[in-house]
Every structure is written in structure tokens, then in C-alpha cells.
4 protein chains.
Amino acid sequence: MFSQIDPRSPIPLYEQIATRIRVAVAAAELRPGDALPSVRGLAKRLRVNPATVVQAYRELEGDGFVEMRQGAGTFVREIGPALRTRARADQARRLVRAVLEEAAVLGLNGQEIMGALQSELGEKV
Amino acid sequence: MFSQIDPRSPIPLYEQIATRIRVAVAAAELRPGDALPSVRGLAKRLRVNPATVVQAYRELEGDGFVEMRQGAGTFVREIGPALRTRARADQARRLVRAVLEEAAVLGLNGQEIMGALQSELGEKV
Amino acid sequence: MFSQIDPRSPIPLYEQIATRIRVAVAAAELRPGDALPSVRGLAKRLRVNPATVVQAYRELEGDGFVEMRQGAGTFVREIGPALRTRARADQARRLVRAVLEEAAVLGLNGQEIMGALQSELGEKV
Amino acid sequence: MFSQIDPRSPIPLYEQIATRIRVAVAAAELRPGDALPSVRGLAKRLRVNPATVVQAYRELEGDGFVEMRQGAGTFVREIGPALRTRARADQARRLVRAVLEEAAVLGLNGQEIMGALQSELGEKV
DNA sequence: GTGGTCTAGACCACA
DNA sequence: GTGGTCTAGACCACG
């Protein structure tokens, strides 16, 4: 579940780790109250520096997804509707920025992406 | 034509510049053989570092869009059918579908992505 | 009396335990000479590590509130007038004034602090 | 302005740095668009590791106070009303947690702080 | 054992 | 020059 990480990817290691956990939470593989792997344990398994895992966990904590408790571990938070909305918006923004960067490399601008998105959503309505 | 650049965008300045020129070429505002603005002139107009414009031009040269001739300037090259308008729309759609798949994995719907995209593009206006 | 402990609070568990006992002493629920619950018994009841209870008791011993006797247990000591209810209210007021000053420096008003305090305390209920 | 940092304080260095900048922004010493000191420059001046300054700046970025732009620097953000509300709530929460921790050390519980705050605010109304 | 913080120093992308 | 990321390893507080 946490075994796939690619050090050669342009995506920062800590982002890859954070994304895996976001997906696991979204898929309900990790439920509120569940403990995440320990910082050192996951670092060892992924063969990365513990500080890198800490960076991933801190990002998730900032998003309100998890809670780090000294001496106890890191746990998936019970989140209310208000926080959930904010967390979802954060995730959507993250995805959009990523696609805009990719688009720029390919020479596409935001309006073109917007147009494609509209027609894509329109088709499904 | 080259007046819109946003230093606050998450997209690197040189990518923004390169994109504008690609769009201009695709839209036939710039035709094969036409000269691009001089590096220093464009840098001054956009209030960016000349090195940033050079980086944009180098990327375009690497893509085969333009040709930099020592002492003469930078010129639009002949372009094949690969990057015409239709092809651009295809690329945009491909990106959009990819991001929608990612979003679905995270439990986000198209409307949330649309909202994030609008606010991201809106900030630049 | 010792049943309310919140592992999600930002306040360390051992501080929460020590606080409850200080309050009980101040409220005269525990009188000088009374025995505190045994370390293991309290740890089991609160579902915390015995070492955590020991840490709480040690802090109270350091403050002169209790006395740990080898093989016998932990007992409430005679307490002076310094930590009576009135003194406690004074301390609380001093802390509150300090935080309100800090808040003012940051441009926050008392209502905002009140709101944050309520939500912080509310989460524990 | 950024010269006072205390390595012996129990408050983490990065928190001390972040707080100074929050205060400077609240006091309008730093206005939207202003550049913060460079990571390396501030680190050298304060005699701390650049990573420590980065941690402070990242926290501020997470709060929406500043924006870090690769190759350009770190700048105070122009923030809208929605973000401002959230940022203020974040600050209030931070202060409240700090005072609750202090209170716990002194043996005071949240209700006592709440009571003192209510009477303190009540007196001023 | 757990996470929290900090240092020293590396390499990379961007302006 | 700027920030972005990562490593290796230290010491501390908490359970």
C-alpha cells in the first residue's frame, strides 16, 4: 500500500507520499482514527529520509487530513463538513495547478484547458 | 500581443512567454519567416530579466518552433501539421481527462475541478 | 472524577492528568493525607501508559502537591494558601490578559479569541 | 526588525521567526507585495540554518500570508476577505492553544481560562 | 518506541 | 542571485 515511490519522478518524494495517503483516505482504506505508519518505519520501508516523510505528514496535517501526536503517532482525523469543504478545495487547487503547469510545457494556455474541461463536462451532462 | 504576463502565476515566466509565442504561431499571427521581438526589447516590455526571455526562446528553438540566428534575431520556422489548432485541442482534452481521472480517485467531481480552475485563472485577470 | 482525558488535545496527557488532580485538591475533593489512585489502576482506567501517570505524579511531587512513598502509594500533602481557588482565578486572569495583548498586536479582537477557545474546548466534549 | 531571536526559548526558532513576520504584517510594516528577506540572507543574519527560515516561510505560506516564488523571492500576499478570515482564525487558534498549554502547566483547566476570558471581555463591554 | 526541531550541506530549477 | 528538495544525523519531549 505504501510501497511504491519513484525517486526519479519530477514529483517531489513528499508529494508522492502525501498523495498516496490522500488516495487511501479517499478510498476509505484509511479511516478516521486509523494510525498512519510511523515516520521512521515508513522512511525505512520507502528508503527515504525520515525528514521527507515528516514533510509529507506535515502537509497532510496542514490540510487537516491527519493529526500528529508526539509520542503516540500520526492518525487520520475525524473531519467535519466545514473542514472537509476546505480540504477538498485544497485538493482541487493542487490538481488544477499541476495540470496548468503540464499544459504550459506543452504550449497550451489556461483558456484552452478551460474549453476542453467545459466540453468534457458538458458531454457527460 | 506580448503584454500579458503574470509573475504571480505558478507557471514559470519563461513558460508563459513561450506559450504566448506558440499560440501566436498556431493562430497565424506569427508566420514562418517572421521575426520575433528582440530578447532585450521583449524583456523590457514585459519587465522581466532578459535571461528569462532567452530561456523561453531556447525552449522554442528546442521544440523546432523558432530559429535563433547570431546577430540577426529570432525567426519563426516552418511548422508541420503536428501542432495545428486541432492537435492542440486534442492535447488539451487528453490533459483534462487525465486530471478528471485523478480527481475521481480522490473523490472530487468535475465541478470542483472547474471551480478551482476558474479561481486559478480568475486570479490572473 | 478521573475519567475525562482527551488524547486528541494539544495538551500532553500527563498535564491533563496532573491538572485534574490539582483541581480535585483545590476543590477539596482530595484532602491532605488522602491516597491518590495507584499508578497502574489509574493508567488502566484512563487507558494510558503507566509511565504517563508516573510522569503526572512526578510533576505533582515536584510541585509539592503530593508525596510518593515507596511501596505504599501516593498521598496528598498539606498545601499552603498559595494555590487556593482565588489564586487560581488570578492566574487565569493573568494568562488571559497576556493572550489578549498578544492578540491585539496581531490585530485580533477578544471575540475572535473567544471563538477559537470555544471551538478548541468544544472539540473535547 | 528581524534581529531578535532567542535560541534558548522553548518556542521553536521557526515559530519565533514566523511570529515576527505576522506581527510585521499586522502592523503594516510589511505591506502586500513587499519582499521578505531572502531565505539565506535572513538565516545568516539570525545565525540559524536556512532550512529553519524555510520552515517559517512555509508556515506563513500555508497560512496564506506570503507567497514563495522560485528564483524571485518571498512576498507578502494580497489577501481577499475569505482568506483573511481563515488566516485570522488560524492565528486565534494558535494563540489559544498556546495559552491552554501554559494554563495546563500551571494546573488550570480550559473552563477556568474560559471564565477569566468572559469576565475580562465582559468588563470592557 | 513515537514525533519535534535543528544543523550542515548537497543538487536542482528559475530569474 | 533566488527558492525547492533531499540526505544524514543530532538532541529533545512524550508514551
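Residue numbers begin at 1 in each chain, while the letters A, B, ... track the order of the sequences.
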Lys/Arg N to Asp/Glu carboxylate O, A:Arg93 vs A:Asp90, below 4.0 Å: yes
Any A:Ser38 side-chain N or O less than 4.0 Å from OP1/OP2 of E:dG1: no
Any N/O donor-acceptor pair, D:Arg40 side-chain to F:dG1 base, under 3.5 Å: no
Nearest-nucleotide comparison on DNA chain E, the residue closer to the 5′ end among D:Gly71 and A:Gly41: A:Gly41
A:Ala72 vs B:Ala51, nearer the 5' end of DNA chain E by closest nucleotide: A:Ala72
Rounded distance in Å - CZ (A:Arg69) to P (F:dA13): 21 Å
Any C:Arg58 side-chain nitrogen or oxygen under 4.0 Å from OP1 or OP2 of F:dC14: no
Note: D:Arg77-D:Asp63 ion pair, threshold 4.0 Å (strictly below): no
Atom-pair distance (NZ on C:Lys44; C1' on F:dG15), nearest Å: 19 Å
A:Tyr14 side chain near F:dC6 phosphate (N/O to OP1/OP2, under 4.0 Å): no
Spacing between A:Glu59 atom CD and E:dG4 atom P, to the nearest angstrom: 15 Å
Below 4.0 Å: OP1/OP2 of F:dC6 and any side-chain N or O of A:Thr52: no
A:Gln70 side-chain proximity, nearest of E:dT7, E:dA13, F:dC14: F:dC14
Between F:dG1 (P) and D:Leu42 (CG): distance, integer Å: 17 Å
Test side chain to side chain contact (heavy atoms under 4.5 Å, CB included) applied to D:Phe75 and D:Leu36, step by step: CA-CA 6 Å; D:Phe75 303 85; D:Leu36 265 56; over 6 Å; no
Gap between atoms CG and C1', on A:Asn49 and E:dT7 respectively (whole Å): 13 Å
Spacing between C:Ile11 atom CD1 and F:dC14 atom P, to the nearest angstrom: 12 Å
Rounded distance in Å - CG (B:Leu13) to P (E:dA13): 17 Å
Pair D:Glu59 + D:Arg22: basic N to acidic O under 4.0 Å: yes
For F:dG3, the Watson-Crick or wobble partner whose two distances fall under 3.5 Å: E:dC12
Which nucleotide in F:dG15, E:dT7, F:dT7 has an atom nearest any side-chain atom of C:Gln55: F:dG15
NZ/NE/NH1/NH2 to OD/OE distance under 4.0 Å, A:Glu112 and B:Arg88: yes
Value in whole Å for how far the P atom of F:dG15 lies from CZ of C:Arg47: 18 Å
